[in-house]
2 protein chains.
Amino acid sequence: MLEGQLRRNTRQKRVILRSVEQLGCHPTAVQIYNTVRKVLPRTSLSTVYRNLGILVDQGKIRAVKGAGSEIHYDHNTGAHNHIECTVCGRVCDVHMDPVDIDTMNPETVSNFIVMEVRMNILGICPECAEQLEKEKLQ
Amino acid sequence: MLEGQLRRNTRQKRVILRSVEQLGCHPTAVQIYNTVRKVLPRTSLSTVYRNLGILVDQGKIRAVKGAGSEIHYDHNTGAHNHIECTVCGRVCDVHMDPVDIDTMNPETVSNFIVMEVRMNILGICPECAEQLEKEKLQ
DNA sequence: CCCTATAATAGGAATAATTCTTAATACGAA
DNA sequence: TTCGTATTAAGAATTATTCCTATTATAGGG
């Protein structure tokens, strides 16, 4: 007897989750789409978005917003923060001591009930820094 | 003799800056647009966006990205962070000790050159918390 | 104060990322 | 295998923002 929202384990969903895991460096929906299509060429972008949404809801992956307008997806669901390259847009992990929510002064946070603290760090990745250095020498 | 990029001080630009200052609570482009149109009804949304971009470039206001897809604008250009209500989307200020970039371990930040640390806090604002409490009692 | 060059504007089209719609497909319980 | 329905493909729709172009109006110089 089927009841409620049955979650089918489709090929598309499996390949999408595997792509997020394998791409590693916080891919965007389009990057995941391109990877998935190497295995399942008829997969549509809507399907990728829908399944990414489901996987986020299920807590299997995390959605990460950076400075740009695209959403990045992260297979590491543990508590950690991100650093984004302002040149190439790449997103990498940062492992810092988490901010202790309970010790935050209510006045400091405009009397909000704090749920989550996200640290978004902007910087230049080693590859882009090297490239910029090369260009400067010319 | 006019040379280079002359920055004209137009009525639209003045009213847009004033609106950002007066609205206070980190308005979006559309909220600013609605306010500006009360004074200058023929102002277009493009003009609002263009001037907000110029004002950001000039360092007169700051662009703030939250969890939603809209950009918020902040007349307070000093170093501070933001807390966003997950219910109504409102953005408020948070004044915490800034993270000291220079003491960050290169390994911690994947060897990036760190430019800026942005703390984005998610929570529930006092008004929405009160509203939710009321609904729970019913 | 008026002229004139040109920066800035209004209005709407274009773009980019994401979400929605609908008929067709295929998963999986029996 | 069969069948009910969750999921898909394809493309339209939506949302926020940026771009385009003819027109307007600011500000420096006469």
Side-chain angles (χ1 to χ4, degrees), chain A residues 1-20 26-58 60-73 84 89 91, chain B residues 1-20 26-58 60-73 84 89 91:
Chain A
M1 196 184 288
L2 304 180
E3 61 173 358
Q5 287 288 96
L6 193 146
R7 294 260 95 132
R8 289 184 182 164
N9 185 18
T10 60
R11 258 144 69 65
Q12 286 85 345
K13 188 183 290 176
R14 282 196 302 274
V15 175
I16 288 167
L17 178 54
R18 186 147 50 81
S19 297
V20 177
H26 309 76
T28 62
V30 173
Q31 291 174 313
I32 295 161
Y33 169 72
N34 289 330
T35 305
V36 168
R37 279 176 77 93
K38 288 179 188 160
V39 183
L40 300 171
R42 291 174 51 74
T43 306
S44 72
L45 193 49
S46 322
T47 296
V48 172
Y49 273 111
R50 184 166 16 77
N51 279 300
L52 288 172
I54 291 169
L55 291 167
V56 169
D57 284 347
Q58 294 180 338
K60 293 190 181 165
I61 61 175
R62 236 174 80 176
V64 180
K65 284 217 178 192
S69 51
E70 318 92 324
I71 299 173
H72 295 256
Y73 295 89
E84 182 172 1
V91 174
Chain B
M1 198 182 288
L2 304 180
E3 61 174 359
Q5 287 287 97
L6 192 146
R7 294 260 96 131
R8 288 183 181 165
N9 185 17
T10 61
R11 258 144 68 64
Q12 286 85 344
K13 187 183 291 176
R14 282 195 302 274
V15 174
I16 288 166
L17 177 55
R18 186 148 50 80
S19 297
V20 177
H26 307 76
T28 62
V30 173
Q31 291 175 314
I32 295 160
Y33 169 71
N34 289 330
T35 306
V36 168
R37 280 177 77 94
K38 287 178 189 160
V39 183
L40 301 171
R42 290 175 52 74
T43 305
S44 72
L45 194 49
S46 322
T47 296
V48 173
Y49 274 111
R50 184 167 15 76
N51 278 300
L52 287 172
I54 291 168
L55 292 168
V56 169
D57 284 347
Q58 294 180 338
K60 293 190 180 164
I61 62 176
R62 236 174 79 175
V64 180
K65 284 217 179 192
S69 50
E70 318 92 327
I71 300 172
H72 296 256
Y73 294 89
E84 182 170 2
V91 174

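Quick note on labels: first sequence line is chain A, next is B, and so on, each numbered from 1. Values below: every heavy atom of this structure, side chains too, minus hydrogens, waters and symmetry copies.
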Integer-rounded Å distance: [N] [atom2] and [X] [atom1]:
X: B/Leu52; N: D/dT17; atom1: CG; atom2: C1'; result: 11 Å
X: A/Asn51; N: D/dT7; atom1: CG; atom2: P; result: 8 Å
X: B/Leu55; N: C/dA8; atom1: CG; atom2: P; result: 12 Å
X: A/Arg14; N: C/dG28; atom1: CZ; atom2: C1'; result: 12 Å
X: B/Gln58; N: C/dA7; atom1: CD; atom2: P; result: 15 Å
X: B/Ile54; N: C/dA7; atom1: CD1; atom2: P; result: 12 Å
X: A/Leu45; N: C/dT18; atom1: CG; atom2: P; result: 8 Å

Review point. Hey, is CZ on B/Arg11 packed in by over 12 heavy atoms from elsewhere, all under 6.0 Å?
Key: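 No, the 6.0 Å shell around CZ holds no more than 12 heavy atoms from other groups.
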Point to revise | Verdict with supporting geometry, B/Arg14 and B/Thr10, side chain to side chain contact (heavy atoms under 4.5 Å, CB included) | key: CA-CA 6 Å; B/Arg14 282 195 302 274; B/Thr10 61; 5.9 Å; no
For [N], does OP1 or OP2 lie under 4.0 Å from any side-chain N or O of [X]?
X: A/Gln12; N: C/dA26; result: no
X: A/Asn9; N: D/dT7; result: no
X: B/Tyr49; N: D/dT17; result: yes

Point to revise | Residues in side-chain hydrogen bond (donor to acceptor under 3.5 Å, both in side chains) contact with A/Thr47, at least two apart in sequence or another chain | key: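 Scan of A/Thr47 (side-chain hydrogen bond (donor to acceptor under 3.5 Å, both in side chains), adjacent residues dropped) gives A/Ser44, A/Arg50.
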Exercise for review: Go through the structure and list residues passing side-chain hydrogen bond (donor to acceptor under 3.5 Å, both in side chains) with A/Tyr33, not counting sequence neighbours.
Suggested key: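 So A/Tyr33 forms a side-chain hydrogen bond (donor to acceptor under 3.5 Å, both in side chains) with A/Arg37.
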Between [X] (side chain) and [Y] (backbone), is there a donor-acceptor pair under 3.5 Å?
X: A/His26; Y: A/Tyr73; answer: no
X: B/Lys13; Y: B/Arg8; answer: yes
X: B/Lys65; Y: A/Gly68; answer: yes

Nearest heavy atoms of [X] and [Y], plus distance in Å:
X: A/Ile71; Y: A/Ala63; value: CG2-CB, 3.9 Å
X: A/Val48; Y: A/Ile16; value: CA-CD1, 3.7 Å
X: B/Ala29; Y: B/Leu45; value: O-CD1, 4.3 Å

Practice item. For A/Thr28, check side-chain contact (heavy atoms from CB on, under 4.5 Å) against everything at least two apart and list the hits. Key: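 Once residues adjacent in sequence are excluded, the partners of A/Thr28 under the side-chain contact (heavy atoms from CB on, under 4.5 Å) criterion are A/Val30, A/Gln31, A/Glu70, A/His72.
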Practice item. Under 4.0 Å from any atom of DNA chain D, heavy atoms only: list the residues of residues 60-73 of chain B that qualify, in numerical order. Key: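 B/Ser69, B/Glu70, B/Ile71, in order of number.
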**Study point:** Close residues, residues 29-44 of chain B, relative to DNA chain C [heavy-atom separation under 4.0 Å]
**Key:**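 Only B/Arg42, B/Thr43, B/Ser44 qualify.
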Review point. What's the closest nucleotide to the A/Arg8 side chain, out of D/dT17, D/dT7, D/dT8?
Key: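 The answer is D/dT7, which lies nearest to the side chain.
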Dump every N/O contact between nucleotides 20-22 of chain C and the protein below 3.5 Å, one line per pair.
from	atom 1	to	atom 2	distance (Å)
C/dC20	N4	A/Ser46	OG	3.0

